[in-house]
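In each ligand, atom 1 is the first atom listed, and ligand 1 is the first ligand listed.
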Amino acid sequence: MRLGIISALHEEQQGLVEAMQRPYKLIHGMREYVVGHLWEIDAVCVLSRIGKVAAAMTATTLVEKFGVTHILFTGVAGAGDAAIRVGDVVVAESLVQHDMDATPLFPRYEVPLTGLTHFLSDRRMAVHLLEAAQRFLAHDFAAAIEAQERAAFALQQPRVHRGLVASADEFVKGRERVRALHAALPGLLAVEMEGAAVAQVCFELGIPFGVIRTISDNANENAATDFMRFVKSVAARYAFHIVRQFCLGWRDGLPAAGAAPAQASRDSAGT
Ligand code: ADE
């Protein structure tokens, strides 16, 4: 396995590059790719920057130039469901491009000529990510996130969810907008700006991938402020510990292949 790890922003990947063993850096296409080992996993870390094209280009380069066999996207997202709170973690089971609209030529949300609206993430990676997030919250969370920050963001008992993540070249920042998206996309849990682009690239190249997102805001009128604060002071801690737990679990072969994820709530949309 060679694992490509993508985040959009520096703050979402901080700490991981420092943790890499025997790192070396390569610049390609205005991005810095750091190749090395993370908890004995052969890995390549890179920042995609924001948006679907940026993410697609980065994912493609990871596969074609760096020979990664798996891709993990880790970062933050806005809540796509009223029951999901800032500090919760969402593992994508499927991803949709919510700005894709080639109607009337193709059905709404369908990526033309793929026949697909929803792209499925790799089941094994998703199970490992769920387990990793659960272990982070159970064992590392209290020490990793200072009490002051837990209080500032009202991070009481963060939960892990799995389900639908929607991506677009749009920062969602309105109550009505997020409600409309939730109504149009049943089971929607989170909104962000890269995951479904990576999903399409991985689908087309036959690469297993996973997407994990920490909720930074409620995609409402306060989204931009909440996002900035969360990204600055909390997001990196989540990403570092979840990726660490993921690598350790993957290396040790935990959980057993096909095992049901422990205590992870399904999507919290009441299903
Ligand atoms: N990433 C984090 N918050 C987001 C939001 N509200 N919309 C889109 N992407 C996001």
Going through the checks in order, is the salt bridge (charged side-chain N to carboxylate O under 4.0 Å, His left out) test met by Glu194 and Arg213?
CA-CA 11 Å; Glu194 297 86 16; Arg213 294 283 189 173; 2.8 Å; yes
Under 4.0 Å from a heavy atom of [X]: which atoms of ligand 1 are those, numbered in the order shown and with their elements?
X	value
Ser216	2 (C), 3 (N)
Ala219	6 (N)
Val172	5 (C), 6 (N), 7 (N), 8 (C)

Nearest protein heavy atom to [atom], by residue and atom, and its distance?
atom	answer
atom 4 (C) of ligand 1	Phe171 CE1, 3.3 Å
atom 10 (C) of ligand 1	Val191 O, 3.6 Å
atom 9 (N) of ligand 1	Glu192 CA, 3.3 Å

Is the shortest side-chain N to carboxylate O distance from [X] to [Y] below 4.0 Å?
X	Y	answer
Glu11	Lys232	no
Glu149	Arg229	no
Glu93	Arg123	no

Best match, Asp217, Val231, Asp226: closest heavy atom to atom 2 (C) of ligand 1:
Asp217
I need the single residue from Ile5, Leu3, Ile6 that forms a side-chain contact (heavy atoms from CB on, under 4.5 Å) with Leu62. Which is it?
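That would be Ile6; it is the only one of Ile5, Leu3, Ile6 passing the side-chain contact (heavy atoms from CB on, under 4.5 Å) with Leu62.
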Taking the inter-plane angle between the rings of Tyr33 and Phe66 on a 0 to 90° scale, is it parallel (under 30°), tilted (30 to 60°) or perpendicular (over 60°)?
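Parallel: the ring planes of Tyr33 and Phe66 meet at under 30°.
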Aromatic plane relationship, Phe240 with Trp39 - under 30° parallel, 30 to 60° tilted, over 60° perpendicular:
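Perpendicular: the ring planes of Trp39 and Phe240 meet at over 60°.
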Should Met193 be listed as contacting ligand 1, given a heavy-atom distance under 4.0 Å as the test?
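In this structure, Met193 qualifies as a contact of ligand 1 - some heavy atom is under 4.0 Å.
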Please determine whether any non-hydrogen atom of Glu170 lies less than 4.0 Å from an atom of ligand 1.
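It does; at least one heavy atom falls under 4.0 Å.
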Any nitrogen or oxygen of Gly78, main chain or side chain, under 3.5 Å from a nitrogen or oxygen of ligand 1?
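Yes, Gly78 has an N/O under 3.5 Å of an N/O on ligand 1.
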